[in-house]
Amino acid sequence: TFKPLQKVTRAEFFAMMLNTGLFEEVREGVRLEDGLSKFQSDVMNKAYKVGLLSGSGYDSEGNLKVNAGGIITREEMASVLVRASKYSFTYSALNDVSFYDLKDYYDISDWAYKAVNEAYHIGLMSGNTQGEILPQGQGNRTEAAILVHRFENMMNNINWNVTYKE
């Protein structure tokens, strides 16, 4: 069964993104940390090859640390989505929303701030009815499916002023 409220791992989210078919390999694979299942290893290596995955450093043996089985947070999903878009959006083209109206914008990690801000402004992410974006919240299958669907629609139907990043 689908289990829409089940938490999503990093590997599962990357698999969802890769299944859009929108990505091409841009670099060689990398050695990944030990202990990954075949599914996790295949997905995370492919995500690295297409530029979606940067990892969290290297272990003492030179293997990229990816925490494939860890539950992905909303700010991590935002970071992946913005990295995946390959576009730099001009603010004249963004939704007319105020990021600072969100009650919890200050909870966003420093490393994810720009990505969450951009994902919010381009309409990939939105606040809940309480005016929160919940950046530290763990992503579930429903949220992940919605975000990947919005991303896929955006990439297939871009109709605003964008500048391609090389």
Step-by-step side-chain contact (heavy atoms from CB on, under 4.5 Å) determination, Glu76 to Trp111: CA-CA 10 Å; Glu76 289 169 334; Trp111 64 266; 3.7 Å; yes
Test side-chain contact (heavy atoms from CB on, under 4.5 Å) applied to Glu33 and Leu64, step by step: CA-CA 6 Å; Glu33 62 189 306; Leu64 185 66; over 6 Å; no
Ile108 vs Val116, side-chain contact (heavy atoms from CB on, under 4.5 Å): CA-CA, chis, key distance, verdict: CA-CA 8 Å; Ile108 301 167; Val116 174; 3.5 Å; yes
Criterion side-chain contact (heavy atoms from CB on, under 4.5 Å) on Met44 and Arg10, from CA distance to verdict: CA-CA 9 Å; Met44 299 309 261; Arg10 288 176 180 83; 4.1 Å; yes
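A heavy-atom distance below 4.5 Å is found between the side chains of Met154 and Leu124. Residues Leu102 and Ile133 are in side-chain contact: their nearest non-hydrogen atoms beyond the backbone lie under 4.5 Å apart. Residues Thr9 and Phe14 are not in side-chain contact: their nearest non-hydrogen atoms beyond the backbone lie 4.5 Å or more apart. For the pair Arg74 and Gln136, the minimum side-chain heavy-atom distance is 4.5 Å or more. Inter-residue side-chain proximity for Tyr105 and Tyr113 is flagged as met; some heavy-atom pair is nearer than 4.5 Å. The closest side-chain heavy-atom distance from Asp34 to Glu61 is below 4.5 Å. No side-chain heavy atom of Val8 sits less than 4.5 Å from a side-chain heavy atom of Ile71. Taking 4.5 Å as the limit, some side-chain heavy atom of Asn156 sits within range of a side-chain heavy atom of Leu22.
Across Arg150 and Gly123, no two heavy atoms sit closer than the pair CD-O, 3.6 Å. Looking at every heavy atom in both residues, Ala144 comes nearest to Phe13 through CB-CD1, 3.8 Å. Taking all atoms of both residues into account, the shortest heavy-atom contact from Ala11 to Phe39 is CB-CE2, 4.0 Å.
A side-chain N or O of Glu75 and one of Ser109 form a donor-acceptor pair less than 3.5 Å apart.
Applying the salt bridge (charged side-chain N to carboxylate O under 4.0 Å, His left out) test to Asp104 and every residue at least two apart in sequence or in another chain returns nothing.
Salt-bridge annotation for Glu25 and Lys46: present, with a side-chain N of the basic residue lying under 4.0 Å from a carboxylate O of the acidic one.
Hydrophobic clustering (ILVMFWY, side-chain heavy atoms < 4.5 Å, transitive): Ile72 and Met16 are in one cluster. The cluster map of Ile, Leu, Val, Met, Phe, Trp and Tyr, joined by side-chain heavy atoms under 4.5 Å apart, puts Leu81 and Leu134 in different clusters. Under the 4.5 Å side-chain heavy-atom criterion for ILVMFWY residues, no single connected hydrophobic cluster contains both Ile146 and Val80.
A donor-acceptor pair is defined here as one N or O able to donate and one able to accept, closer than 3.5 Å; no such pair exists between the side chain of Glu132 and the backbone of Gly127. For the pair Thr142 (side chain) and Pro4 (backbone), a donor-acceptor distance under 3.5 Å is present. When atom types are taken as modelled, the side chain of Tyr58 and the backbone of Gly55 share no donor-acceptor pair closer than 3.5 angstrom. Looking only at distances, no side-chain donor or acceptor of Glu118 sits under 3.5 Å from a matching main-chain atom of Ala115. With hydrogens and angles ignored, the 3.5 Å screen pairs no side-chain donor or acceptor of His149 with any backbone N or O of Ala145. The backbone N or O of Phe2 lies less than 3.5 Å from a partner atom in the side chain of Arg141, making a donor-acceptor pair. At least one donor-acceptor pair closer than 3.5 Å links the side chain of Asn19 to the backbone N or O of Ala15.
Atom CD of Glu12 and atom CE of Met17 lie 15.0 Å apart (nearest 0.5 Å). Within the model, atoms CG of Leu5 and NZ of Lys3 stand 11.5 Å from one another, a figure rounded to the nearest 0.5 Å. Atom OG in Ser85 sits 5.5 Å away from atom CD1 in Ile122 (nearest 0.5 Å).
For Gln130, the CD atom sits in a packed shell: over 12 heavy atoms of surrounding residues, nucleotides or ligands are nearer than 6.0 Å.
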Only distances under 3.5 Å count here; give the side-chain donor-acceptor pairs of residues 47-54 to other protein atoms, sequence neighbours excluded, each with its distance to 0.1 Å.
none

